[in-house]
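Contents: one structure, followed by commentary.
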Amino acid sequence: MQIHNFVNNILITEFAERIGVSCSQVNQILKGKRPVNTEFALLTEAATGIPADLLLRMQTRYDRIKAENKPDFMEKLKKIRKFAAAL
């Protein structure tokens with residue numbers, strides 16, 4: 001991921017300071033423990049040139065993959081689709 005490579009080239013603290021967020025927020029996002037939100041994406045775009053839309057699409061894809069790997073959720077979707085097909 002481009003942002004990870006960019007951040008590796010400078011201290012995370014410097015990057016966080018540059019975009020006006022906490023180091024812990026940057027770390028949590030880089031580790032996948034916190035989602036990239038619109039504000040963070042726009043701040044990152046301003047600091048790195050990486051398009052905010054790209055970052056947000058990547059987050060959406062990641063969220064979808066996580067949801068699709070939850071058996072209970074997939075079973076729920078299956079039931080809804082079965083019901084909808086019967087209408």
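Nothing fancy with the numbering, it's 1 onward along the sequence.
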Atom pair [atom1]/[atom2] of [X] and [Y] - distance to nearest 0.5 Å:
X: Arg81; Y: Lys78; atom1: CZ; atom2: NZ; value: 11.0 Å
X: Leu55; Y: Ile50; atom1: CG; atom2: CD1; value: 6.0 Å
X: Thr48; Y: Arg18; atom1: OG1; atom2: CZ; value: 9.5 Å
X: Lys31; Y: Asn27; atom1: NZ; atom2: CG; value: 5.0 Å
X: Asp53; Y: Glu45; atom1: CG; atom2: CD; value: 7.5 Å
X: Asp72; Y: Leu77; atom1: CG; atom2: CG; value: 11.5 Å

Non-hydrogen atoms of Thr13 and Cys23 that approach each other most closely: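 So the minimum-distance heavy-atom pair works out to CG2-SG, 3.2 Å.
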
Distance-minimising heavy-atom pair for Ala47 and Phe15: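 Closest heavy-atom pair between Ala47 and Phe15: CB-CE1, 4.3 Å.
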
Chi angles and distances behind the side chain to side chain contact (heavy atoms under 4.5 Å, CB included) call for Ile19, Phe40: CA-CA 8 Å; Ile19 67 171; Phe40 185 86; 3.6 Å; yes

Cluster link Leu30 to Leu42, ILVMFWY, side chain under 4.5 Å: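 Hydrophobic grouping puts Leu30 apart from Leu42.
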
Same cluster (ILVMFWY, side-chain, under 4.5 Å), Ile12 and Val21: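 Yes, because Ile12 and Val21 connect within a single hydrophobic cluster, where side-chain heavy atoms sit under 4.5 Å apart.
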
Side chains of Ser22 and Gln25 in contact at under 4.5 Å (non-hydrogen atoms):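 A side-chain contact exists here, since the closest heavy-atom pair is under 4.5 Å.
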
Close side-chain approach of Arg34 and Ile29, heavy atoms under 4.5 Å: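 In short, these two side chains touch, coming nearer than 4.5 Å.
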
Residue Glu39 excluded, over 12 heavy atoms near CD under 6.0 Å: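 Incorrect, the count does not exceed 12.
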
Within 6.0 angstrom of Glu17 CD, more than 12 heavy atoms from elsewhere: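 At most 12 heavy atoms, drawn from other residues, nucleotides or ligands, come within 6.0 Å of this atom.
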
Side chain to side chain contact (heavy atoms under 4.5 Å, CB included) between Met58 and Leu54, worked out: CA-CA 6 Å; Met58 290 171 70; Leu54 171 64; 3.9 Å; yes

Exam field: side chain Gln59 to backbone Val36, donor-acceptor pair closer than 3.5 Å: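 Yes; at least one donor-acceptor contact below 3.5 Å.
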
